[in-house]
Amino acid sequence: MDRALVDDLVAANRTLARLGVLDAFGHISVRDPRDPHRYLISRSIAPESVTASDILRLDLDSQPVDPKDEGKLLYRERFIHGEIFKVRPDVNAVVHSHSPTVVPFTVTHAKLRPLLHNAGFLGLGVPLFEIRKHAGDGTDLMILTPNLGKDLAQKLGKDAAVILMRGHGDSVVGPSLPNAVFRAYYTEINARQQLQAITIGGPINFMTRAESLTSNDAMLRASARPWALWRKRALAER
């Protein structure tokens, strides 16, 4: 595995844990640039504790590629990643979290919409995955099978960067690992600010579709700045 990419994935896990998007749960993946039918993800461990030795390589069926990794404990919801990578060739990184301020938007009539320019990607659409429609009542709301992962990926669609998961959290995708980390963080920040705007009252002046698209294009470039800072901080702690 590419050591720089492994270090990036370690930094991504630690960064989103420090920023409060991930806690003891959640996971991040990145597509292997040498083989688009493989992706890198940590073994099942708290994100803040991830080190280079924890990184595994899985196929798009979310099974270990290397014999030495067989028997290691894997994230139970890893199918989120593999199934999204299968249907979205534009996606090279996925973040699944229980982002705390986002969860209320998965269970109420309030729609998560972009009001912060850093979160213009929300204007690409924010579908909601209702697991009852796919697995009936009585689940633990988790994506524990390839079929559920496939259903989630189909609901995400061809353009959206974020999919909400009712009573669970969200999954965020991006064309690169730095951008997916950026989007995961600013999904949480936009949710906080939208909640604050709701409490103030009055109609909220959300971004238009055109503003969202322009802002998203700008942030695809600008996300390199916070990523450089976050990565440096995360890897300095080793």
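As the structure is a prediction and not an experimental result, all values here were calculated from the model.
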Heavy atoms, side chains only, cut-off 4.5 Å: are M165 and S171 in contact?
-> yes
Would you call L22 and I28 a side-chain contact if the rule is heavy atoms closer than 4.5 Å?
-> yes
Salt bridge flag under 4.0 Å for residues R43 and D54 | yes
Indicate yes or no: does K133 engage E130 in a salt bridge with an N to O separation below 4.0 Å.
-> no
Backbone N/O of T101 and side chain of E188: donor-acceptor pair under 3.5 Å = yes
Looking only at atom types and distance, does a side-chain atom of S42 sit under 3.5 Å from a main-chain N or O of V50, one as donor and one as acceptor?
-> no
Is a side-chain donor or acceptor of D61 paired with a backbone partner of Q63 at a separation under 3.5 angstrom?
-> no
Lys/Arg N to Asp/Glu carboxylate O, D7 vs R3, below 4.0 Å | yes
Side chains of P175 and L220 in contact at under 4.5 Å (non-hydrogen atoms) | yes
Between R18 and N13, is a side chain to side chain donor-acceptor pair (under 3.5 Å) present by the stated rule, with each step listed?
-> CA-CA 9 Å; R18 180 185 299 108; N13 275 274; over 6 Å; no
Least distance between heavy atoms, A135 atom then L148 atom = CB-CD2, 4.1 Å
Under 3.5 Å: donor-acceptor pair, side chain of E77, backbone of L144 | no
F121 side chain near M219 side chain, heavy-atom distance below 4.5 Å | no
Exam field: side chain T108 to backbone F105, donor-acceptor pair closer than 3.5 Å | no
Determine the minimum heavy-atom distance between L177 and A12, stating which atoms define it.
-> CD1-CB, 4.1 Å
Are any of the side-chain heavy atoms of L74 and D69 separated by less than 4.5 Å?
-> no
Mark yes or no for whether H168, through its side chain, and L141, through its backbone, hold a donor-acceptor pair below 3.5 Å.
-> yes
Do you see a donor-acceptor pair shorter than 3.5 Å between the side chains of Y185 and T15?
-> no
Write down the atom of P114, the atom of G123, and the distance for their closest heavy-atom approach.
-> CG-N, 3.7 Å
Determine yes or no for a side-chain-to-main-chain donor-acceptor pair under 3.5 angstrom, with R31 supplying the side chain and P36 the backbone.
-> yes
Heavy-atom check, side chain of T187 versus side chain of L112, under 4.5 Å | yes
Can R221 and N179 be counted as having a side-chain donor-acceptor contact under 3.5 angstrom?
-> no
Do the side chain of T106 and the main chain of V103 share a donor and acceptor less than 3.5 angstrom apart?
-> yes
Determine whether more than 12 heavy atoms belonging to other residues, nucleotides or ligands lie under 6.0 Å from atom NZ of K111.
-> no
Candidates R231, R233, K232 - the one meeting side-chain contact (heavy atoms from CB on, under 4.5 Å) with L229 | R233
Is a side-chain donor-acceptor pair under 3.5 Å present for H117 with S215?
-> no
If you group Ile, Leu, Val, Met, Phe, Trp and Tyr by side-chain heavy-atom gaps below 4.5 Å, do L195 and V21 land in one group?
-> no
Tell me, do L16 and W230 make a side-chain contact under 4.5 Å, heavy atoms counted?
-> no
Does any N or O in the side chain of R38 come within less than 3.5 Å of the main-chain N or O of D35, such that one atom is a donor and the other an acceptor?
-> no
Heavy-atom closest pair, residues S212 and G120 = CB-O, 3.3 Å
Is K86 atom NZ crowded by more than 12 heavy atoms from other residues, nucleotides or ligands, each under 6.0 Å away?
-> yes
Salt-bridged, R57 to D66, with N to O below 4.0 Å?
-> yes
Run the ring-centre check on H134 versus F129 and record whether the distance is less than 6.0 Å.
-> yes
Between A184 and V95 the two heavy atoms that sit nearest each other are CB-CG1, 3.9 Å
Distance-only side-chain donor-acceptor flag, H81 / H96, under 3.5 Å = no
Are any non-hydrogen side-chain atoms of I204 and L115 less than 4.5 angstrom apart?
-> yes
Which atom names give the shortest non-hydrogen contact between L124 and A161, and what distance separates them?
-> CD1-CB, 4.2 Å
May I ask you to check whether over 12 heavy atoms, not counting those of N205, lie within 6.0 Å of atom CG?
-> no
